J.: 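Have a look at the structure that comes next, please.
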There are 2 protein chains.
Amino acid sequence: MLRSEHIPRATIKRLALYVQVLETLKREGAEVISSELLAKACDVNPSQIRKDLAYFGGFGVRGVGYYVQELITSIKQSLGVDRIWRAALVGVGNLGKALLRHQEFRRRGFHIVGIFDCDPFKIGEEIGGIEVICSKRLPEKAGELGVEIGLITTPPERAQRAANYLIEAGIKGIVNFAPARIAAPEHVCVEYVDFFHHLYNVAFNITLGQSQR
Amino acid sequence: MLRSEHIPRATIKRLALYVQVLETLKREGAEVISSELLAKACDVNPSQIRKDLAYFGGFGVRGVGYYVQELITSIKQSLGVDRIWRAALVGVGNLGKALLRHQEFRRRGFHIVGIFDCDPFKIGEEIGGIEVICSKRLPEKAGELGVEIGLITTPPERAQRAANYLIEAGIKGIVNFAPARIAAPEHVCVEYVDFFHHLYNVAFNITLGQSQR
DNA sequence: AAGGGATTGTTAAAAAAATCACATAGGCGT
DNA sequence: ACGCCTATGTGATTTTTTTAACAATCCCTT
């Protein structure tokens with residue numbers, strides 16, 4: 001059993017993908033799926049899938065495959081997303097507002113319970129029943145609200161400051177949507193969402209990548 | 001010289017990161033930078049950077065480092081983002097609207113010149129001076145507008161249909177913001193932007209990943 | 001209850017990517 | 001003009017990740 005080994009970062013990334021595809025398959029009525037079929041749907045190698053899943057346990061049944069619902073539950077458990085996560089959003093710009101309106105967050109178990117901005121004109125405004133609070137008060141408020149994850153949607157030049165407030169608040173995970181790197185202590189997990197990385201990738205592939213992949 | 005070899009996918013990803021960090025450094029007044037310092041700012045290995053850059057040419061000066069502005073220009077050229085790319089956006093929801101308002105797209109050379117949706121109530125509406133057109137007319141309009149890249153911001157269940165229209169329109173690159181996989185022919189490059197992959201990553205790291213990284 | 005068929009879990013091999021180490025070469029001071 | 005200093009570019013090495021192959025095992029039919 002592989003369970004106790006070090007789990008590759010790439011595996012974690014793929015598990016999130018598997019959940020997405022499995023939920024689609026479930027909606028379509030599938031109850032059981034083989035690694036081969038799931039692989040096709042995810043556009044990866046079947047061995048890859050079996051290996052990824054084996055890190056967390058033997059979820060499959062030999063000769064049969066994986067029970068879809070059971071697998072979804074197991075992966076979510078393994079990832080730690082089988083519960084509600086309370087998040088704070090910092091930066092009420094276009095993107096911030098769009099994310100706040102995005103029903104998918106709640107549906108997936110990420111509840112935005114605090115909204116912060118440093119613009120005095122935005123402070124006090126209500127969005128989806130939550131009042132926008134001054135970013136400076138983040139450290140004090142975050143504990144109160146039980147926030148564990150921070151979402152940064154500020155302009156790039158203010159991303160680091162937002163991060164500092166979140167770190168000061170004792171938050172352990174940050175998803176940064178601003179196109180800027182941020183410094184954080186070892187124990188804080190920072191993930192970057194950057195559209196432009198993807199756009200650049202596409203542009204490159206169109207331009208010269210014809211032969212690749 | 002490595003130039004003619006196959007370029008790793010991971011390298012392309014990092015080049016986009018380098019551009020981001022270099023532009024910040026430029027704003028801060030840096031004119032020259034060593035691979036070591038750039039590495040620190042990007043949180044990667046210095047050799048990695050030198051090797052990545054060497055795939056595209058000898059941009060550096062031995063004993064000195066890399067000239068920041070020159071390097072930015074060179075990388076952008078290598079990636080094919082040293083020009084304007086015309087894009088179409090399909091799906092005028094919260095996220096779509098936020099992206100349309102996002103100034104960064106234009107600043108980085110991605111001009112959204114067509115907006116499409118299948119909702120009759122949205123068709124005809126004007127956003128930023130561009131009229132929303134029925135998705136069905138995408139194939140005919142895309143050529144007319146000179147669109148090369150498609151951005152999908154529909155709900156997940158409509159992502160494939162949006163993709164089909166884009167493919168029919170002869171588009172060669174798609175950035176899909178909808179949480180759904182899409183099928184596309186070999187010659188069409190598809191990139192996925194999925195916040196939840198990142199959120200899941202953070203959740204996992206907080207839950208059990210303490211020992212990792 | 002026993003054997004056949006199918007698909008997993010896992011070990012071994014291959015491929016890819018990251019890192020190291022150093023020779024190479026440009027700039028700058030003398 | 002010469003040599004030193006420094007940081008690049010690149011071949012060799014290590015590590016990581018992916019893919020292939022197959023033995024183990026579970027269900028299902030007879």
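Source: prediction; values computed, not measured. Every chain is numbered from 1 and lettered A, B, ... according to where its sequence line falls, protein lines coming before strand lines.
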J.: Where the side chain of Asn45(B) is defined as all heavy atoms beyond and including C-beta, which of dT17(D), dC20(C), dT8(C) is the nearest nucleotide?
T.: dC20(C)

J.: What's the CZ-P distance between Arg50(A) and dT11(C), to the nearest Å?
T.: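 Result: 14 Å.
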
J.: Whole angstrom is fine here: how far is it from CD in Glu36(A) over to P in dT8(C)?
T.: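 It is 9 Å, rounded to the nearest whole Å.
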
J.: A quick test of your reading: do over 12 heavy atoms of other residues, nucleotides or ligands sit less than 6.0 Å from CD of Glu36(B)?
T.: no

J.: Give a yes/no answer on whether the side chain of Arg14(B) brings an N or O atom under 4.0 Å of OP1 or OP2 in dA17(C).
T.: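 No.
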
J.: Please determine if Lys26(A) and Glu23(A) form a salt bridge, counting it only when a charged side-chain N lies under 4.0 Å from a carboxylate O.
T.: no

J.: Within the 4.0 Å heavy-atom criterion, would you say Thr11(B) contacts the bases, only the backbone, or no part of the nucleic acid?
T.: nothing

J.: What about Lys51(B), does its side chain sit under 3.5 Å from the base of dT19(C) through a donor-acceptor pair?
T.: yes

J.: Protein-nucleotides 27-30 of chain D N/O pairs closer than 3.5 Å?
T.:
none

J.: Rounded to the Å, how far apart are Asp52(A) CG and dT16(D) P?
T.: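 My rounded result for the distance is 17 Å.
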
J.: Hey, is the side chain of Ser47(B) poking within less than 4.0 Å of OP1 or OP2 on dA18(C), counting only N and O atoms?
T.: no

J.: Heavy-atom count around Glu31(A) CD within 6.0 Å, excluding the residue itself: above 12?
T.: no

J.: Specify the separation, in whole Å, of atom CZ of Arg9(B) and atom P of dT17(D).
T.: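 It is 17 Å, rounded to the nearest whole Å.
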
J.: For Val92(B), is there any backbone N or O sitting under 3.5 Å from a side-chain donor or acceptor partner on Asp117(B)?
T.: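 It does hold such a pair.
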
J.: Using only heavy-atom distances, determine whether the side chains of Asn164(B) and Gln160(B) contain a donor-acceptor pair under 3.5 Å.
T.: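 Asn164(B) vs Gln160(B): donor-acceptor pair found between side chains.
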
J.: Please report the distance, rounded to the nearest Å, between CG in Leu15(B) and P in dA17(C).
T.: 14 Å

J.: Strictly under 6.0 Å, is that where the ring centroids of Phe105(B) and Phe196(A) end up?
T.: yes

J.: Between Leu17(B) (CG) and dA18(C) (P), how many Å, whole number?
T.: 13 Å

J.: Provide, to the nearest angstrom, the distance between the CD1 atom belonging to Ile49(A) and the P atom belonging to dT19(D).
T.: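 Interatomic distance, CD1 of Ile49(A) to P of dT19(D): 11 Å.
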
J.: Counting only side-chain N and O atoms of Gln48(A), is one of them less than 4.0 Å from OP1 or OP2 of dT19(D)?
T.: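 So the side chain of Gln48(A) is within the cut-off, an N or O lying under 4.0 Å from OP1 or OP2 of dT19(D).
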
J.: Just checking, any donor-acceptor pair under 3.5 angstrom between side chains of Glu28(B) and Thr24(B)?
T.: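 Not at all, the side chains of Glu28(B) and Thr24(B) share no donor-acceptor pair under 3.5 Å.
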
J.: Using the side-chain heavy atoms of Ala54(A), tell me which of these nucleotides is nearest: dA7(D), dT10(C), dT8(C).
T.: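 Comparing dA7(D), dT10(C), dT8(C) against the side chain of Ala54(A), the answer is dT10(C).
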
J.: Whole Å only: how far is the NE2 atom of His6(B) from the P atom of dA15(C)?
T.: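 Between P of dA15(C) and NE2 of His6(B): 14 Å.
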
